[in-house]
Structures are given as structure tokens and as C-alpha cells.
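Structure, as C-alpha cells:
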Amino acid sequence: MPLTLCIAALHTVFPGVMCVVNRRYIWLYGRSTLFFLRPWLPVRIRNAHLAVEYPGSVVVCNHQSFLDIYLLAAQDQANVCLITKSWPFRLLFFFAPTMRSAEYIDAESLSAEQVEALCLERLRDGVTLVIFPEGSRTRTGALGKFRAGAFHVAVKAGRPVLPLLIHNSFQVFPPGAKGFHPATIHMEFLDPVWPQAFAGELLPHRAMMRHVRNLYVKHLTSVTGE
Ligand SMILES: CCCCCCCCCCCCCCCC(=O)OC[C@@H](O)COP(=O)(O)O
């Protein structure tokens with residue numbers, strides 16, 4: 001906690017460097033939490049390195065549980081910027097200074113144009129964006145409807161989308177649950193999806209979104225066997 005405030009204070013003095021330091025600090029905090037939870041929550045991840053191989057890309061992720069935020073630290077890229085809702089900035093007041101100095105983007109309070117401009121700026125700086133295209137955690141365990149924003153940004157920036165799949169975090173810790181049910185979490189990065197492949201479409205970002213959502217449907221069912 002004092003360290004958090006210290007980092008936030010340093011941020012006002014060295015904004016550029018401290019952003020990157022902060023993102024790494026948040027990632028390390030996530031990694032250590034996962035390490036301590038390992039007896040109850042072992043995480044198996046495939047292609048953990050992918051976001052490091054493709055810096056400045058758009059990671060999209062399915063969203064079943066608050067645990068997903070911590071699970072993002074199981075992949076190897078530390079320089080990530082989360083696109084968030086407003087409530088974490090209000091309710092997680094102890095994290096808020098760190099989130100602010102890591103320059104996370106509050107997509108609810110800003111206008112669509114501002115969010116787009118900030119996202120493009122981050123990608124240009126080589127930062128990995130993390131977006132949950134469903135917008136909210138699923139309340140039933142089923143994959144929700146996707147929003148197009150993440151794909152719109154990827155098309156505009158000409159950067160790949162890296163689909164990150166989290167299996168069974170819903171079974172472990174569904175939204176609103178009191179306790180959690182220990183189980184192994186499986187995660188995987190699918191191959192990068194490049195916007196150039198959809199250039200011929202009428203609405204490239206929507207075509208890309210449908211393609212990526214279909215990949216989720218296919219891969220999420222193939223592991224759970226539903
Ligand atoms: C990159 C590694 C990060 C791992 C460390 C975790 C550090 C915690 C910092 C707090 C960051 C909080 C970001 C919240 C993102 C967000 O916006 O969450 C809302 C979603 O749930 C959906 O909520 P809901 O609609 O209520 O299901």
C-alpha cells in the first residue's frame with residue numbers, strides 16, 4: 001500500500017517511465033497473487049509468450065469472473081493497459097491511484113472518440129491493450145454478445161488481435177459468489193488475427209469480431225465438451 005502511493009507520487013514527477021513501471025508492478029502483484037493461490041488455483045496456460053512476441057497488439061479475453069483480471073498476469077506481457085468500467089476506479093479506491101498512473105482507460109466516463117484516441121496512442125507506444133469484448137462478466141457462464149470497439153481499434157491501428165481464452169473461471173468464482181471452488185484454470189492464446197485479412201469486407205471490424213467470436217465458441221466448447 002505505501003509502495004502504491006509512492007509509485008503514484010513518483011508518477012507525477014516522471015509520467016512516461018512510471019507508467020511502464022506501474023504496469024509491471026501491477027502485473028507482478030497479479031503474478032504473486034496467482035503464485036500464493038496455486039495450491040487451490042493452479043493455472044495451465046498455452047502460448048503464454050504470445051503478447052510478448054507481438055507488442056502493441058489488442059488482447060481480447062472472455063470474461064466469466066473477477067478472477068480473470070488476476071489471471072491476465074499468467075500471460076507473460078507486463079506492459080498491458082486495461083480498458084475498464086468506471087466502478088473499479090470508484091470502488092477499488094486502494095487500487096485507483098495505481099490504475100490511474102498505469103494509465104488504464106475508463107471507457108465508461110470518456111466519450112467513444114476519446115477512448116479510441118487513447119487506445120491508438122497506447123498501441124503506437126507499443127503497449128498491449130486488454131479488452132473484454134463482452135463488456136461485463138457473464139452471469140450464466142455462457143459467452144456473451146461481443147462489442148465491436150476492440151476490433152475497430154485493431155483495424156484502425158493495423159495491429160493484430162490476440163484472442164485469450166479463459167476456461168472455467170466461472171465454475172471457480174462466479175460473479176456474486178461468497179467463496180470459491182478450487183479447480184485448475186486452463187488458459188490459451190489463439191493465433192494472432194490480423195485486420196488485413198478482412199480488408200475486403202464492407203465492415204472489416206464487424207467481420208473480424210464475428211470471426212473471433214466464432215473462434216471462442218469453437219474453442220470454449222471443445223475443451224468443456226458442452
Ligand atoms: C496485467 C495483470 C493484472 C493483474 C493484477 C490485478 C490487479 C488489480 C487491479 C485492479 C484493476 C481493475 C480493473 C477492472 C476492469 C474492469 O472494468 O472490471 C469490470 C469487469 O469485471 C466487469 O464488471 P461487471 O460488469 O460488474 O461484470
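When a ligand or atom number is given, it counts from 1 through the structure's own listing order.
- Within ligand 1, the atoms closer than 4.0 Å to a non-hydrogen atom of Gly30 are 4 (C), 5 (C), numbered from 1 in the order shown.
- Regarding atom 11 (C) of ligand 1, its nearest protein heavy-atom neighbour is Met99 SD, 3.9 Å.
- Side-chain atoms of Arg90 do not come within 3.5 Å of backbone N or O of Ala96 as any donor-acceptor pair.
- For atom 1 (C) of ligand 1, the nearest non-hydrogen atom of the protein is Val80 CG2, 3.4 Å.
- Atom 19 (C) of ligand 1 has Trp87 CZ2, 3.7 Å as its closest protein atom, hydrogens excluded (heavy atom only).
- Annotation: atom 17 (O) of ligand 1 to nearest protein heavy atom, Lys85 N, 2.8 Å.
- Given atom 18 (O) of ligand 1, the protein heavy atom at minimum distance is Pro88 CG, 3.8 Å.
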>> For Arg31 and Asp76: C-alpha separation, side-chain torsions, deciding distance, then whether side-chain contact (heavy atoms from CB on, under 4.5 Å) applies.
In response: CA-CA 10 Å; Arg31 263 275 162 118; Asp76 295 341; 2.9 Å; yes
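- Looking at every heavy atom in both residues, Ile83 comes nearest to Ile131 through CG1-CG1, 3.3 Å.
- Protein heavy atom at the shortest distance from atom 21 (O) of ligand 1 is His63 NE2, 2.8 Å.
- Near Ile26, the atoms of ligand 1 lying under 4.0 angstrom from a non-hydrogen atom of the residue are 3 (C), 5 (C), 7 (C).
- Using a 4.0 Å heavy-atom cutoff, Phe132 is absent from the residues neighbouring ligand 1.
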> Going through the distances and angles, do Lys156 and His205 end up as a side-chain contact (heavy atoms from CB on, under 4.5 Å)?
Replying inline: CA-CA 9 Å; Lys156 275 236 158 161; His205 65 289; over 6 Å; no
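- Scanning all protein heavy atoms for the shortest distance to atom 4 (C) of ligand 1 gives Ile69 O, 3.2 Å.
- Taking only non-hydrogen atoms, the option from Leu92, Val130, Thr84 nearest to atom 15 (C) of ligand 1 is Thr84.
- Of the possible polar contacts, none joining the Arg124 side chain to the Gly56 backbone as a donor-acceptor pair under 3.5 Å is found.
- Regarding atom 26 (O) of ligand 1, its nearest protein heavy-atom neighbour is Arg137 NH2, 3.0 Å.
- Using 4.0 Å as the threshold, Arg139 has a heavy atom nearer than that to some atom of ligand 1.
- By the 30° and 60° cut-offs, the orientation of the rings of Phe132 relative to His63 is parallel.
- Checked against a 6.0 Å centroid threshold, the rings of Phe151 and Phe198 do not count as neighbours.
- With respect to the salt-bridge test (charged N to carboxylate O, under 4.0 angstrom), the residues Asp106 and Arg100 do not qualify.
- Interatomic distance, Ile69 CD1 to Thr84 OG1, rounded to the nearest 0.5 Å: 9.0 Å.
- Atoms of ligand 1 found under 4.0 Å from any heavy atom of Tyr29 (numbered from 1 in listed order, with element): 7 (C).
- The distance criterion of under 3.5 Å between nitrogen or oxygen atoms is met by Ser136 with respect to ligand 1.
- Separation of the Tyr29 and Phe95 ring centroids falls under the 6.0 Å cut-off.
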